[in-house]
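Just so we're on the same page: letters track the sequence lines, and every chain starts at 1. This structure is a prediction, so every number in the text was calculated from the model and none was measured.
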Amino acid sequence: MAPPTTTPARSQSPFAAEVATLSAAVVAEWSSEAVAAMLEIPSDPERGDYALPCFPLARERRLAPPKIAAEIADQLKAKVAGSEWLEGVEAAGGYVNFRVKGARFAQYVVGDILARGDDCGRSDAGTGQTIVIDYSSPNIAKMFHVGHLRSTLVGAALIRVFGHLGHPTVGVNHIGDWGTQFGKLLVAWDLWGESDRLESHPVEYLYELYVRFHKEAKARPDLEERARDAFRLLETGDPEARKLWQRFRDCSLEEFGRIYSTLGVEFDSFAGESFYEDKMQPVLDRLAQRGLSTTSRDALIVDLSDLDWPPMMLRKQDEATLYATRDLAAAIYRHETYGFHKLLYVVGQAQELHFNQLFEVLRRLGYDWADDCEHVMFGWVKFKDQHLSSREGNVVLLDEVLNRAVEMVDSIIAEKNADLEDRARVARTVGVGAVIFADLATRRIRDVNFDWDEVLSFDHGSGPYVMYTHARLTRIVQKYGRPVSTAVDYERLTDPAERAVVQQLEQFGRQLQTVAERREPSYLCSYLVDLTSTVNGDVQRGAKDPSLRILADDPDVAAVRVALVAATRQVLKVGLDLLGMGAPERM
RNA sequence: GCCCCCGUAGCUCAGAUGGAUAGAGCGGAGGUUUCCUAAACCUUAGGCCGCGUGUUCGAAUCACGCCGGGGGUACCA
């Protein structure tokens, strides 16, 4: 819905720039900027390194695209022959395909990556454009299950990628520590609470109370009523209720902290719903002043029937506020505090209407920055085709998933690499990484069915697959034993498989931009798997034919191949890091 | 009822702005370790891209209509 934030400033390599300049000189209809924007990478690398589609010219010139392409390629032949960067141009179908000078291209790409190290792919395009991301935002007193993973991991990955692209970032955990659910907890505690159980296993116990409440409420409808009363009591400042609330909140936050540290996720702010308790009244006043709020069925609402939308609820019959009220206050607070360029809410798609209402009401309040707010939604995590539901107690706990993944990795290490030092730590990194990657690899809008076999599969396309390759490449560079130099003879990089790796490496920066623009970390996952797959094929060739080994006998060949391997390793490392995964050097 | 999302190989998914012959993995069949880590690699079979109509030089991709699945739709978040 909202336009992309980062300007799609194509990484202007001298190669692409040359293609654009030469083509524009030949095609009267197009400027070099236009050509640069149109350039594609051929799906089959055999065809070339850049492709210019000529289809748009067909109508104006009243000629078939292949004829136009042939004509353009013909006119370009002489220019390309004299080019410092390009070595060939050819028409194929409706495309003009360009081939770059392989050695210069490799030198440019590999040299750049190795020179920049962990800063490769970094840019300053986002300078001064603060991105605030609201993510994870669990409800207190609920066990962290795999359904909570998506918001947490997508948000964390986006924060890192935006940061890498130069944006100042603010990660906000909008903890669900306010609302009627707390009334439920207070009632449950009142009815069945046992202090010693709360002491020993706080969150587990609170969660048990929460589930029991919903179970019993089915038979006793009065419980829901009592819960609403209890929340109102809390909201009006009842000291007893306050004290309990504080206690529940503290132990939940401690538990979440443990999980976040395992996942390597950090936040700049834990300002949750309760934080806005005293910031709602000014918003309600402003709504009233502008004549936006009305009373209907004894509740305070913003009427949106002109859009055929249900109203946004501000206050219930019993005067208690709702999350919409708090979200209004939160958005305004965040704009005042951070002056954001974009405010992204990484929240499930079930809340789409809520966010549409929220942004609309902000607009009607006169905040033109409402258009900079965006709901970054994602699909459901299901288990055995059922929704995970905290209320029903039908959940797969994250702890269980992580533990099983780590155990399994550990047993694989025992089998393959038993004397690995630091084995427990590596098993942890790889196991957690497997879970993270499995969750992030699917495009976020899709529903996913949680499947043990899939999460615990460490084969091609998995997180461990990428990590394994990183470790393997690291070993090759170590075994080489000499410093990796970028002053090598790139002419010796002759194989198409090696060219393909270089091509993919060159795409890294652009790939990160797309991840940010589309708010889609899964694109980074597929990129890393593709790169890994290509480089594995390349590395494996040496098994049969020693002359194809990375550490070839010819020192000049070995030097350039090692440089390529080192650059690939570097990109894998940065990519894994941005996903929040860690990249062990051995496994 | 209305609104939103999804539908691609047996399974899980890519296909990003409409573009070159729709691609991977898992699973199936077959193969590769004197070697830099076999958590790897190579070969192979397997497709009315849910259905229909339209727009276009060109549609898995866009529009409209169906079908199937999921979600939302006033006092939960």
_Under-4.0 Å side-chain N/O to phosphate OP1/OP2 contact, A/Arg315 with B/A74_ = no

Determine the Euclidean distance between corresponding P atoms of B/A59 and B/A63; express it in Å to zero decimal places. 16 Å

* Distance check: side-chain N/O of A/Arg326 vs OP1/OP2 of B/A77, anything under 4.0 Å? -> yes

Short N/O separations, protein against nucleotides 41-46 of chain B, under 3.5 angstrom:
from: B/C41; atom 1: OP1; to: A/Tyr465; atom 2: OH; distance (Å): 2.6

With the criterion being N/O to N/O and under 3.5 Å, what pairs connect the protein with nucleotides 7-9 of chain B, and how long is each?
from: B/G7; atom 1: OP1; to: A/Arg446; atom 2: NH1; distance (Å): 3.3

Picking from B/U37, B/A20, B/A77, the nucleotide nearest the side-chain atoms of A/Tyr468 would be B/U37

Considering only heavy side-chain atoms of A/Tyr523, the closest of B/A14, B/A77, B/G15 is B/G15

Residues pairing under salt bridge (charged side-chain N to carboxylate O under 4.0 Å, His left out) where one sits in residues 295-306 of chain A, two or more places apart or in two chains, turn out to be A/Asp306-A/Arg364

Paired to B/G54 by Watson-Crick or G-U wobble criteria (both distances under 3.5 Å) is B/C62

The nucleotide from B/A77, B/C13, B/G70 with an atom nearest the side chain of A/Asp447 is B/G70

| said: Categorize A/Ala320 for me: base, sugar-phosphate, or nothing, with a 4.0 angstrom heavy-atom threshold over every strand shown. | reply: nothing

| query | Roughly how far apart, to the nearest Å, are B/G25 and B/U43 at atom P? | reply | 10 Å

